[in-house]
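Here the structure comes first, spelled out in structure tokens, and everything after it is commentary.
Residue numbers count from 1 along this sequence.
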Amino acid sequence: MWWGLNVRCLGGLAVLGALTLSFEAEAQVALGDLHATGGGELTVLYNSNFGNLTSDQHSLGFGGMGTITGNYYDPNFLSFNLLPYYGRSQNNSDTQSITDASGYNGNVNLFGGSHFPGFVNFNQTWNSSGTFGIPGLAGLTTVNNSHGLNLGWSVLVPHRPTLSIGYGDTSGTSSLLGSESSTESSLRNFNLGSTDNLAGFYLTGSFIHLNTNAQINGLEDGESETATGSSDQYRLTAQRGLPYNNSHLSLGFYRTSYSVDDSLAGQNDGTTDNVNGIVSLMTPKAPVTLSATYTDNVFGSFEQQLISSGETPLAGIVSPTSHSLSLEASTFYNVLPRLVLGGYVERTQEFFAGQNYGLTQAGLNANYNFFRKLKGLVVSAGLVDSANQQGNTRVGFVGNASYNRYFGKWEVSSYILYNQDVQTLLVNYTTSILNYGASVKRQFSENLRWIGLATVARSVFEQQSG
């Protein structure tokens with residue numbers, strides 16, 4: 001049994017109370033060369049939430065989760081696990097249940113003890129709930145169904161280049177409660193990977209091909225939108241040690257290309273190249289890290305992030321000419337056994353749609369561990385100074401302190417964090433954050449644990465008052 005109390009404040013006050021009861025069971029089965037172990041857990045959850053910036057809410061939930069693991073003949077020949085689950089949610093103590101989510105996750109490993117291992121992974125979800133985000137509106141709930149299949153195989157022969165091959169297929173549907181809006185989407189991927197040691201360099205290479213499809217129904221005037229996209233990603237990295245005090249060098253090259261066709265917005269495609277290098281010099285007193293990164297298509301790299309996450313990139317937009325170069329140097333120094341000073345200097349230059357944006361940033365931080373007198377207390381603070389093409393901007397500050405200690409079977413933790421970051425258009429922006437909190441934990445027995453938690457968080461975006 002577990003009980004927890006959580007207090008959170010964000011410009012106001014909210015209190016959350018939760019009570020969870022869990023019951024577990026386990027069984028074993030053996031049929032010839034097939035060995036399996038099954039277990040399960042049933043959970044009852046009550047949740048209460050009230051505060052001065054939110055309405056009172058109560059909910060009651062029931063859930064169950066099973067675990068089936070086993071092997072055939074030998075675990076290194078074939079092993080498997082299956083995790084089915086079910087969850088029911090009742091809000092405000094009414095009989096209406098928004099969703100009864102259920103599903104399973106499964107995995108089969110083949111030839112794990114050989115140089116040619118493989119795996120099969122599969123999953124299915126029914127009636128899971130999510131949130132549909134529209135600016136100015138909150139609480140829009142979606143119901144989702146999805147399934148996925150992933151296959152993989154590897155060649156791991158000693159003293160030879162490695163090879164891995166994978167294929168994945170994921171698809172699902174999502175509908176917005178109370179409307180006719182729905183989305184059908186799918187993501188397929190094929191990937192190759194290899195590693196090798198050559199002339200003192202440890203080399204890694206990979207290729208990933210992605211196909212995305214999405215159909216959005218229930219738009220205005222009964223319209224629907226169909227979007228298809230594809231991308232190819234190439235990656236090559238090289239690492240090696242340097243003949244100086246365990247220093248090392250790392251180089252990387254990445255190329256991504258994408259194409260999207262949207263029935264409403266039109267077509268869009270692009271290619272992005274990214275090159276980076278890192279040198280770590282392990283000097284005796286103050287190790288130094290130098291890094292450089294160049295991107296020849298900033299807009300295209302943003303589009304590629306959308307595709308990699310399974311989303312459709314922005315269509316109908318002509319990609320503007322854009323590139324960026326970032327240089328950074330950092331180091332740290334042990335002034336005292338428990339006092340560490342660190343610093344860095346970073347220069348970022350971006351060219352976007354005919355305009356240049358530049359930022360130089362320097363930072364200094366200190367970290368002190370109170371080992372004896374206040375055991376468990378760690379304090380750190382830092383300053384960040386920024387300058388752009390118009391001149392020097394404001395100074396940013398970062399500070400935090402944490403305390404963690406055991407008093408017998410009681411564990412006490414607390415923290416406070418504040419940071420203010422000063423940034424410019426495209427490169428940076430201005431924000432400040434203050435977080436602090438504390439927790440108390442007590443383990444009464446193997447199946448009974450008590451946790452009390454209180455946290456406060458405040459965020460300010462200074463370009464917009466209030």
Side-chain angles (χ1 to χ4, degrees), residues 187 189-195 198 201-212 227-240 248-262 265-280 289-330 344-362 386-390 421 423-429:
L187 171 65
N189 73 84
F190 173 76
N191 59 82
L192 292 171
S194 181
T195 63
L198 181 65
F201 283 91
Y202 177 72
L203 304 176
T204 64
S206 63
F207 167 75
I208 301 175
H209 177 76
L210 297 175
N211 281 327
T212 60
T228 60
S230 65
S231 74
D232 293 315
Q233 304 175 31
Y234 304 87
R235 177 182 178 184
L236 178 63
T237 64
Q239 301 176 3
R240 68 161 301 160
H248 63 274
L249 168 68
S250 177
L251 302 172
F253 171 77
Y254 310 87
R255 163 165 284 192
T256 60
S257 60
Y258 67 90
S259 176
V260 60
D261 187 4
D262 192 291
Q267 229 176 350
N268 187 21
D269 55 64
T271 299
T272 301
D273 291 328
N274 183 289
V275 180
N276 65 56
I278 301 175
V279 177
S280 297
T289 300
L290 306 173
S291 65
T293 302
Y294 175 77
T295 301
D296 71 344
N297 187 350
V298 178
F299 183 84
S301 63
F302 170 73
E303 296 278 66
Q304 183 58 45
Q305 292 178 21
L306 295 177
I307 295 180
S308 300
S309 61
E311 300 180 46
T312 303
L314 304 175
I317 297 179
V318 178
S319 177
T321 302
S322 59
H323 53 80
S324 68
L325 174 65
S326 296
L327 304 173
E328 182 177 354
S330 62
Y344 75 93
V345 177
E346 180 183 11
R347 173 65 183 178
T348 299
Q349 191 73 35
E350 289 185 357
F351 178 85
F352 191 90
Q355 297 292 326
N356 278 299
Y357 304 90
L359 178 74
T360 300
Q361 199 169 69
S386 303
N388 58 22
Q389 58 268 29
Q390 278 79 39
D421 204 1
Q423 307 185 340
T424 60
L425 180 64
L426 285 183
V427 181
N428 287 324
Y429 56 89

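In this structure, D296 and T272 have side chains that are in contact, with non-hydrogen atoms separated by less than 4.5 Å.
Nearest approach of Q349 to G358, heavy atoms of both residues: OE1-CA, 3.6 Å. Between L251 and G277 the shortest heavy-atom distance is CD2-CA, 4.0 Å. Heavy atoms only, all atoms of each residue included: H209 and S230 are closest at CE1-CB, 4.4 Å.
One distance of note links OG of S250 with CG of N276; it measures 6.5 Å at 0.5 Å rounding. Between the OH atom of Y202 and the CZ atom of R240 there is a distance of 15.5 Å, given to the nearest 0.5 Å. One finds the CG atom of D232 at 10.5 Å from the CD1 atom of I208 (value rounded to the nearest 0.5 Å). Note that OG1 of T256 is 8.5 Å distant from CG of N274, once rounded to the nearest 0.5 Å. In this structure, CD1 in I278 is found 7.5 Å from NE2 in H248, a value given to the nearest 0.5 Å.
When the side chain to side chain contact (heavy atoms under 4.5 Å, CB included) test is applied to S206, the partners found at least two apart in sequence or on another chain are R235. H323 is linked by a side chain to side chain donor-acceptor pair (under 3.5 Å) to nothing, counting only residues two or more places apart in sequence or in another chain. For V279, the side chain to side chain contact (heavy atoms under 4.5 Å, CB included) criterion is met by L242, L249, L281, not counting sequence neighbours. The side chain to side chain donor-acceptor pair (under 3.5 Å) test applied to Y254 returns no partner, not counting sequence neighbours. Under the side chain to side chain contact (heavy atoms under 4.5 Å, CB included) criterion, R255 pairs with Y234, F253, T271, D273, sequence neighbours left out. Residues passing the ring pair (Phe, Tyr, Trp, His ring centres under 6.0 Å) test with Y294: none are found, sequence neighbours excluded.
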